There are 2 protein chains.
Amino acid sequence: MTNAFSDRLRGYGRLNDEDERLLAAACQNVRTLRAGHHLIREGDRPDPVFVILEGWACRYKLLPDGSRQIMTFMMPGDFCDIHIAVLEAMDHNIVTLTRTKVATLPRAKMQALVEARPTITRAFWWAQLVDTGVLRAWVVSMGRRTAIERVSHLMCELYIRMRDVGLASHNRCEMPLTQLVLADALGLTPVHVNRTVKELRQAGVMDLGRGWLTILRPAEMARIAGFDANYLHQRLAGPGKFAVALAERTATAGRAARGLTPAPQ
Amino acid sequence: MTNAFSDRLRGYGRLNDEDERLLAAACQNVRTLRAGHHLIREGDRPDPVFVILEGWACRYKLLPDGSRQIMTFMMPGDFCDIHIAVLEAMDHNIVTLTRTKVATLPRAKMQALVEARPTITRAFWWAQLVDTGVLRAWVVSMGRRTAIERVSHLMCELYIRMRDVGLASHNRCEMPLTQLVLADALGLTPVHVNRTVKELRQAGVMDLGRGWLTILRPAEMARIAGFDANYLHQRLAGPGKFAVALAERTATAGRAARGLTPAPQ
DNA sequence: CGGAGAATTGACGCGAGTCAAGTAACGTGG
DNA sequence: CCACGTTACTTGACTCGCGTCAATTCTCCG
């Protein structure tokens, strides 16, 4: 009885069988939603907590001129703020980006979970700190990274997060985000995202298309992005492909700080 | 016995005298630090929770090429994540920007506070949700706002946050941030921040310099920024100057979406 | 097979960065 | 209280990354 919820929290603490059972039991009320369904709208009074079990969603805001900024991608195992209910009105929207399975956790059940299991409580805290870390990393990307660095960094992040919930391996994972969606997340235009993805593809660093991401040269990718996974606070930071990549990155730090090195053809 | 800590939390819940007393008592261990003192460094094991009582600090990250991105400004009443201790290493730095008074709260005291007073617990949750909202608003600014919109939006935010802890009134407050610091927060260069501040000054919208911010035409300022204070979740959203400004903004929404309107003589 | 959304590409413009040279404000010590 | 060094602020000229506009070409699916 495992699901994306416990898959994620397991990475943040030593859950025992009882913890896992309770987490699975908490996800009774599951809905399947099509892409484009709003889970939360700006101005709404906050609903109960929900967890993504399958599929992708995002938080976003609309600006007066009609442009959209995505602030968070939510993937399986991600959930909305636990204490959201104390607020009077939501200040942003959450919409599904693909067909999505969502579990709704009544406030009472949430409360019981937290009071009964300190391990789970700690895992919630941890998850919340990771989410904040991701948000901070986005600020850094938008503020100080070029388009190619931004795209690379986001792909590194999403790959690692997918891997941490068991949805990626061998430098490959599903990535059903359109270039328009990526543009709204990266603060770029779709046209420029396209050009940037093309550049990374031609350099043999990664491939992105038809719903899949493939990282072809992790070390080079991490170097371009200036990617350091520390903000994801992986408790079990084993020597996966990307850890190796980061070690290599250190070794090649002497090279030019930006720009691509030619593909090793 | 009031301080910036209770001043802030009071805005998020109905604290009674006992709550206020406990909060004040929790701030026994106070240090005064000069500008440039690091409260936290990347890689550190997290320390106890701290609260800013006077002065300013910021969270930031350094990039491989040496550039800096500030992710949060911390003003009196702001504190670091309450559950930070569950993490193994900090993923960013926190440094004071001015002479600063900081109170350190031992973990046990924190724990006692939360367990004894549900009102305070709720206020903590609320404060954390506001901090996250601010972070999301920054992502929006960096992603989709021009320089003049970004500067205006940040100044609106900082003014309101200062007012909410009783440190601003009559559209004026202390603002000891240099243009270099602002540039690192806004994802711009100091040169461009200077040009942008000049433009706003010449338009008679605001003045910023010598350590002070003055908002001369709040309605126009809010219009340029596309500022909506909802993400700050002010519980006591009385009709202050800025609420009025926002009402006016709605009334003038028909005008050109961007750009300045001429100063009214 | 056909329509809609997504991806792609080229030409051109502009907002913000870069470089460089000042001027003003501030803090410190004599 | 002034001299002086340091830091912050300004300004102009030029460059460039990314946006804009517009036209195709894919891809997916019903």
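Every chain is numbered from 1, with letters handed out A, B, ... down the list of sequences. Being a predicted model, the structure only gives us computed values, none of them experimental.
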With heavy atoms of chain B within less than 4.0 Å as the criterion, where does contact along DNA chain C begin and end? C/dA16 to C/dA25

Kindly compute the distance separating CZ (B/Arg150) from CD1 (B/Ile148), expressed to the nearest 0.5 Å. 12.5 Å

Centroid-centroid under 6.0 Å between B/Trp138 and B/Phe73 rings: yes

Is there a side-chain contact between A/Leu208 and A/Met175 (heavy atoms, below 4.5 Å)? yes

Taking 4.0 Å as the cut-off, does a side-chain nitrogen or oxygen of B/Asn194 come that near to OP1 or OP2 on D/dT10? yes

Separation of atom CZ in B/Arg34 from atom P in D/dT7, rounded to whole Å: 15 Å

Atom pairs under 3.5 Å: protein N/O with N/O of nucleotides 17-21 of chain D:
unit_1: D/dC18; atom_1: OP1; unit_2: A/Ala147; atom_2: N; d: 3.0
unit_1: D/dC18; atom_1: OP2; unit_2: A/His192; atom_2: NE2; d: 3.4
unit_1: D/dG19; atom_1: OP1; unit_2: A/Thr189; atom_2: N; d: 3.4
unit_1: D/dG19; atom_1: OP2; unit_2: A/Thr189; atom_2: N; d: 3.2
unit_1: D/dG19; atom_1: OP2; unit_2: A/Thr189; atom_2: OG1; d: 3.0
unit_1: D/dG19; atom_1: N7; unit_2: A/Arg195; atom_2: NH2; d: 3.3
unit_1: D/dT20; atom_1: O4; unit_2: A/Arg195; atom_2: NH2; d: 3.3

Between A/Phe50 and A/Phe79, is the ring centroid distance below 6.0 Å? no

Would you check if A/Asn93 and A/Ile40 make a side-chain contact, meaning some heavy-atom pair closer than 4.5 Å? no

Would you say B/Lys198 reaches D/dT11's phosphate, i.e. side-chain N/O to OP1/OP2 under 4.0 Å? yes

Enumerate all atom pairs, one protein N or O and one N or O from nucleotides 25-30 of chain D, separated by less than 3.5 Å.
unit_1: D/dT27; atom_1: OP1; unit_2: A/Arg210; atom_2: NH2; d: 2.7

Value in whole Å for how far the P atom of D/dT11 lies from CD of B/Gln179: 10 Å

Residue pair A/Thr214 / A/Arg172, side-chain donor-acceptor N/O under 3.5 Å: yes

To the nearest Å, give me how far apart CE (B/Met175) and P (D/dA8) are. 17 Å

